[in-house]
Structures are given as structure tokens and as C-alpha cells.
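What follows is a set of notes on a single structure, which appears directly below.
Computed from a predicted model, the values in this text were never measured in an experiment. To find a chain, count down the sequence lines: A is the first, B the second, and so on, and within it residues start at 1.
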Amino acid sequence: MENTLQKKSKLADFSPIDFKEELNEEQYAAVTAEPGPALVLAGAGSGKTRTLTYRVAWLISQGVSPGEILLLTFTNKASKEMLKRVEDLTGIETRFFWGGTFHHIGQKTIRFHGESIGLQKNYVIHDQGDSEALLSDVVKSINSKFFKDKANPKARLIHEIISYARNTRQTIRDVINIRYYWLDNLKEDITQFAKSYQEEKLKRQVTDYDDLLHHWLEILKTNSEVATYYQNRFKHILVDEYQDTNKIQSDIIDFLGINNQVMAVGDDAQCIYTWRGASFENIMTFSDRHPKTVMHKIETNYRSTPEILQFANRVLATQPIGTGFNKELKSIRPSGSLPYVVPVMDGRKQAEFVIKRVEGLINEGYRMSDIAILYRAHYHALDMQVELSRLSIPFVITSGVKFFEQAHVRDLVAHLRFAANIKDITVFKRLVCLLPKIGDVTAGRLYSLAEKFGDKNNKTIIQSLSNESVVAKVPAEAKEDWIDLSYTLQDLELAINGPSKPKKELSLFDDDTAEEKVTKIHTPDEVVKIAIDGWYGDYMRNVYVNWESRRDDLDSIVGFASGFEDMNELLAQLILLNSESSDRGANQNADAIRMTTIHQAKGLEYPIVFIIGMAEGLFPLKRSIDNDDVEEERRLFYVAVTRAKDELYICYPMINTQNGPSIRMGPSQFLEILPDDSYEILNVRQTTNW
DNA sequence: GGGCCTACCTTTTTT
DNA sequence: AGGTAGGCCC
């Protein structure tokens, strides 16, 4: 009770919010809804995030404490945006809420309660690459010749199948029957691989992304005390982008929301993650699973001109009948120009057009940061990037090479991860394979050797690495590096865990509490610094021509780490935030053109939007057409279109020069199907003087 | 057998 | 720019 009052007084420092004044009627109804299950259908640009954040503020104003609210989102970007706006609005720091992506909250729950399913607090998360590497090892250990047969799928595809099965909670047999029928003869093998893979991960104390959801649900289901705690603790569960939840995510929400406290917010027309198991069935059947659900529709669009909205509505109207909830966005803005469709010769000409038009827009008074260039796939933006760089036009690209996926960043993080969890042989291999003459096989052998030596002599694996008996088996050319690396790892192990605890049970006479005081456990940023100053810092100088800029990247991780108190939390974030893009070309906050994939632009808005590569085969992608996934691409197009506030340009190259011989292309079927008066065609040759 | 080097290809989207 | 198959060397 006192606690609640304190939080309220904090809010009181802020000017009180006049909910009625600041929201429209539709929004107000959703924001102030009575407790109970609610489904908020909020169309694009209708103030979905606004509604969500005001809902939080409303709940706080009603005496709910931040700790009783769970905020779930789908992507890091959405989560960051939402938490920031909640903080701006309520003045309450975001750390008082449980908020973040599903994976983030799952990770946290497992960190607290993982023992019951066999995971220690120091378990480590594997990213895509690690997961595939481990799976590949598992497959080889079961059938050493499996990958020798070129007809067999690669680890990547097998992982994709296993992942899809888990996210949709289907058996691997079913998934293969439906989506991978050509692998029919491998059903049993892959099922076996999946089982062993699962066991191996547990043994190694690692999880992949999917485990973060799976173990989370598992803990809730098998541990009624924990389940009851969270079910009662979270008085309000708010789920953003509900249309993009997959089966396991909706199961988690349903389970946590047993007391009818879920408010799901979403837009079925913007479901664009079915390839990851998202199912807009979830949103369509929400009220069946949550009886007495109150539905709120928010359809007033504040973002776009009537012309752009009409275009968007027409795109939706071309969906097959009965695909989603009926909705029609209503604009309140004054009329603007029709969307422009711009045929261009090729990627180069497309870039030229965009740049020329950008110059015009700047003269009209727009800022660079008002302009976004959206595309279906990273590689569609290649020409664009080249031209912008050539003319030194500032741009921020939130796609392509991801910061945390670059080799040197992963290498550095591998040090920390291995020191934190020495059972993780996958990450060990990644590290020592950097040394000359050490490959996958030798790395595995050396690991076993150190493990055995450690067991016998009551030392950790890392302590054993520099022992003569192990070093003796290291290839001559690698010895020097090996020893340096060992010392660095030993420093890290000490810095992370403090003085070594003997691996076996403590003897009765050990006074480990006294020991703890001798060496302090370092903060995460200090640990990162140790890693950079260790073996790797020297190594990278010899390997990378541009080692200085890479070194800067690593140094920036020290800064990132200083925001963390707990090493495990830092490591989890380093993996889960891997979509955090590097700010190449310009600073994130700089006045620069934004370039992103449509997926990453979801939830964002820009005065001016260029959609490039709007040709049949590029958007929808040929592959989607082949796989019968065109409807999802259409929703994606809808998302792209509804990002625009004032002006929308849709360009399509007529010749594809990407790989090999030039191929003629036509406009996207999504354009062809629209009535002619939905847009205006711009003939580039006649419009050279904007 | 194991590792290295070169040429090729990768991916559609994210955690 | 990073990962990988195929050919070659130890």
C-alpha cells in the first residue's frame, strides 16, 4: 500500500493527464476499459502505441503499481519505443515494469526459475549461428555421413524445420508433411536429431531462441507455485502486435492470463511473421479463448492523407474475402497528392530518381530524417546505398550487417560466454578455431583433454587449458596463441565468478565465505575490458586490415556493458539484441535518410516514404509466389504503404541486373490489381527538373 | 585424417 | 562480408 502511494506521488510530479482531452473517443474507451479481457483492434496509424501507453498511465492513475503490469512486444524496436513512451508519459522508470520482447521476459523467467527444468543461472543463449553449429555436431554424432550426402538438407534447414515445429507446437512429422513434403523420407531422422539436439543443449546449459519461450511455458506448467505467483502478480498483461504472436506465445499469454487480465492489441491486416510461426488465428479466436472479451475498434487514422489511406484501403480490399476483421481506416487529414508509381530502367536509375526527388523535397523544407526508403529485402537496397554514399548524402541504415553479428563482435562475446559457462563447447570451438592449425576436430579433442584433466585435478576446464599435458597436444604453430588465450580466459573466469570454487562439492572445512572477500567479482564492463585487453586485442591487429575501426566497435561494447550489473543479463542482451543495427553512414540521431526493410519499419511513420523494388518477383518475392505466401506479402505491402504521412513514392525497376544476365520485370501484381485512379504514374524522363 | 585456400553463394523477413 | 564446398597439402 505504501509502495503504491509512493509511485503515485512520483506520477504527481508530472502534470496530470487529461485522458478525455488527449484521446479520441475510440482510444479513450480502450484506455479506460474495465478490468477483464479486451481485444483492441487498432488499424495502422490509429494511435496504437499511444493507446497502449495511455492505458499504462491510466492503470497507474487508478492505483495499480508498475510491478503489477506486464508489457509484451514482439520486436526489440517496438519494445524500446513502447517503454520509452511509457516513461515519458508517466515519469516512472521503465525498470519498474516487467516489459520487453517475449524472448526477453522468457529469458528472465528462466534465469529465476530454471532450476526446476535443469537450467542453472549461468545458462547461455545461442544465436542462430551457434544453434546451427551445435545441431550440426549433433547430427554428425548420430550419423557421421549425413552431410556427405548432398541430397540431405543442411543444418540450417533442419534447424528451421525444428524451430517452426516448436513455434507452432506441431510435430516435426506434421511440419514436414505440410511445408517440407520433399523431405518425407527424413521425418524420423529429423525427429531423432531434434530430440538429441534438445538433450545436448540441456547438457551444455545453453538454450536457443525457441527454448526461451518453450522453457518459460514449461516452467509455468510444471511448477504451480511459480505459475500462481505470476498469474496473481500480473494484474494486467498488455500484449502489443498480438497478430504476430505464434502458438507458443499465445499459449503463454493464455496461461498467464488465467485471471482474465489480458489486453491484446493488434491489427490482423499487419500480420507479417507467419514464416516464424505467427498465426493471425490467434487474434481471430482471442474472444473464444477469453470469454467475455470486450472488443474495441480504433479506426481513425491521424497519420496519412486521404489519398494514401484510400490506396491502403484498396490494397486491403484485394485480399480474398473473409481473411480478417472488416475495417476501413478513416482519414481526418486534409487532402494531399495521390501516391506516385515510378517505373525506372534499373536499380541505378531508381537510385537516381530517389536522390533527385530527395533534393527537391529538401528544397521544399523537409528534413533528411523525414524521409524513409523501404524495401522488401536487404539486397534490394544495394544500388541505393552505393549512390547515396557516392554523393555523400547522409543515411542511416537499419538493416544489412548487424552489429552483434559481425565476426569480431561475436568473437569477443564468445570469450565472455565461455568464461561464464564452460560447458558450452560450441562457443569454445568458435574461439579456438581462430588459432592456426586448429579446426573443428582438433578443438573438440583439446576440449575433452582439458575436461578430463580438470576432472582429475579438481580444476575448471579453463584452468586446465594452460597445463602442459594439454598444451603438448596443441599444434606447434598455435602454441603461443593458445597460451595467451588461456590466460585471458582464466582472467575472465576469475573476474566473472570470483575465486574458483572447486568443481566438486566443497569439503566441510572449506570456508568459502572468507574466500569470497579476497577477490571481488568485477562489473560487466570491467570484464569486457579484460577480454579486449587480452589475447584477442593483439590477434585482431594481425587479422583485420581495418582493425582500428573494429577495435572501436569492441570498445563501444564496454559502454554498453556499463549499463548492466549482472553478467548473465549482459550476455543475454548481447544475443537478444542482435538486430540492433550498426549506425553505418551516419549517427542514429543525425539528420539523415532512413533506410530499412519493411519488417523493421513496422510501427514507425515518416512524412515521405519511398518503396523501392516494387516489381513482380522482387515484391512479392519470387520465392513467396512459389510457396503460395502471396497474402502475407500483400499485408507487408499494406504495412509499407501505411508508414507514409504526406507523400508516397513507389518505384519499380524494369530490368533486374542483380545476378547474371539482365531479366525483364513488370510491376508488382499488387499494383496491377489496383484501380488506375489509385495512383499517378510518373515518367522519370519527363521529370528531370524537380 | 585434418586443415588451408580459393571461389562461390548467401537470405526474405526477427528473436 | 561471412560462411562453405572442393581441391590440395601436411
Side-chain angles (χ1 to χ4, degrees), chain A residues 73-79 100-107 125-129 131-133 136 144 147-148 150 154-157 160 163 166-167 207-213 241 244-246 248-249 271-278 374-382 398-402 404-411 430 433 435-445 475-478 544-546 550 572-573 575-582 584 596-602 613 617-627 629 632-633 635-636 639-640 658-660:
Chain A
T73 61
F74 195 69
T75 62
N76 285 310
K77 194 173 246 176
S79 129
T101 63
F102 279 91
H103 291 83
H104 178 77
I105 302 295
Q107 173 271 132
I125 305 166
H126 273 186
D127 64 20
Q128 191 89 25
S131 304
E132 283 162 19
S136 170
S144 58
F147 292 120
K148 297 266 159 63
K150 275 178 273 175
K154 307 219 167 39
R156 157 163 288 175
L157 182 58
E160 197 177 297
S163 176
R166 301 186 76 206
N167 278 302
T207 69
D208 59 19
Y209 288 132
D210 303 328
D211 285 329
L212 298 180
L213 306 177
E241 307 283 14
D244 280 322
T245 54
N246 57 34
I248 191 156
Q249 288 166 329
C271 174
I272 54 175
Y273 285 98
T274 61
W275 51 276
R276 251 186 67 191
L374 310 184
Y375 35 87
R376 175 66 183 88
H378 296 313
Y379 69 88
H380 294 167
L382 231 67
T398 43
S399 59
V401 191
K402 292 165 184 164
F404 290 117
E405 275 179 12
Q406 292 171 87
H408 57 295
V409 177
R410 290 189 66 198
D411 288 341
R430 173 180 181 92
C433 282
L435 306 191
K437 301 292 169 191
I438 297 184
D440 201 49
V441 180
T442 309
R445 271 210 284 262
E477 282 179 66
Y544 295 114
V545 212
N546 60 345
R550 288 180 189 254
Q573 285 309 300
I575 304 301
L576 291 178
L577 282 182
N578 81 355
S579 67
E580 200 81 347
S581 50
S582 60
R584 283 193 308 149
T596 100
T597 62
I598 299 166
H599 279 87
Q600 285 178 317
K602 188 157 83 153
L618 295 182
F619 194 5
L621 277 168
K622 186 173 177 309
R623 202 161 130 176
S624 308
I625 303 171
D626 295 344
N627 294 338
D629 286 335
E632 171 136 328
E633 301 273 303
R635 292 192 294 269
L636 194 57
V639 169
Q658 208 81 65
N659 33 13

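- When each of B:dT13, B:dT15, C:dA5 is scored by its nearest atom to the side-chain atoms of A:K154, the top-ranked nucleotide is C:dA5.
- Between A:I272 atom CD1 and B:dT14 atom P there is a gap of 9 Å when expressed in whole angstrom units.
- Taking atom CG of A:D127 as the reference point, atom P of C:dG2 lies 14 Å away to the nearest angstrom.
- Candidate nucleotides C:dA5, B:dT14, B:dT15 were compared by shortest atom distance to the side chain of A:Q600, and B:dT14 ranks first.
- Here the nucleotide nearest the side chain of A:Y273, chosen from B:dT14, B:dT11, B:dT15, is B:dT14.
- Atom CD1 in A:I105 sits roughly 15 Å away from atom P in B:dT15 (whole-Å rounding).
- Taking atom CG of residue A:N167 and atom P of nucleotide B:dT13, one finds them 18 Å apart after rounding to whole Å.
- Residues A:Y375 and A:T597 are in side-chain contact: their nearest non-hydrogen atoms beyond the backbone lie under 4.5 Å apart.
- Of the two residues near DNA chain B, A:E633 and A:I438, the one whose nearest nucleotide lies more 5' is A:I438.
- Rounded to whole angstrom, the span from the CG atom of A:D411 across to the P atom of C:dG2 amounts to 10 Å.
- Of the candidate nucleotides B:dT11, B:dT15, B:dG2, B:dT15 has the atom lying nearest to any side-chain atom of A:H103.
- Each of A:K437 and A:R550 has a nearest nucleotide on DNA chain C; the 5'-most of these lies closest to A:R550.
- A donor and an acceptor atom, one from each side chain of A:H104 and A:Q573, are located under 3.5 Å apart.
- The CD-C1' distance, from A:E241 to B:dT14, rounds to 13 Å in whole Å.
- The side-chain heavy atoms of A:Y209 and A:I575, taken from C-beta on, include a pair separated by under 4.5 Å.
- Summarising the geometry, the separation between CG on A:D440 and P on C:dG3 is reported as 13 Å, rounded to the nearest angstrom.
- Inter-residue side-chain proximity for A:L576 and A:L212 is flagged as met; some heavy-atom pair is nearer than 4.5 Å.
- Under 4.0 Å is where a charged nitrogen must lie from a carboxylate oxygen, and between A:R550 and A:D411 no such pair does.
- Of the listed nucleotides (B:dT14, C:dG3, B:dT11), B:dT11 has the atom at the smallest distance from the side chain of A:R156.
- Ranked by how close their nearest DNA chain B nucleotide is to the 5' end, A:V441 and A:L636 are led by A:V441.
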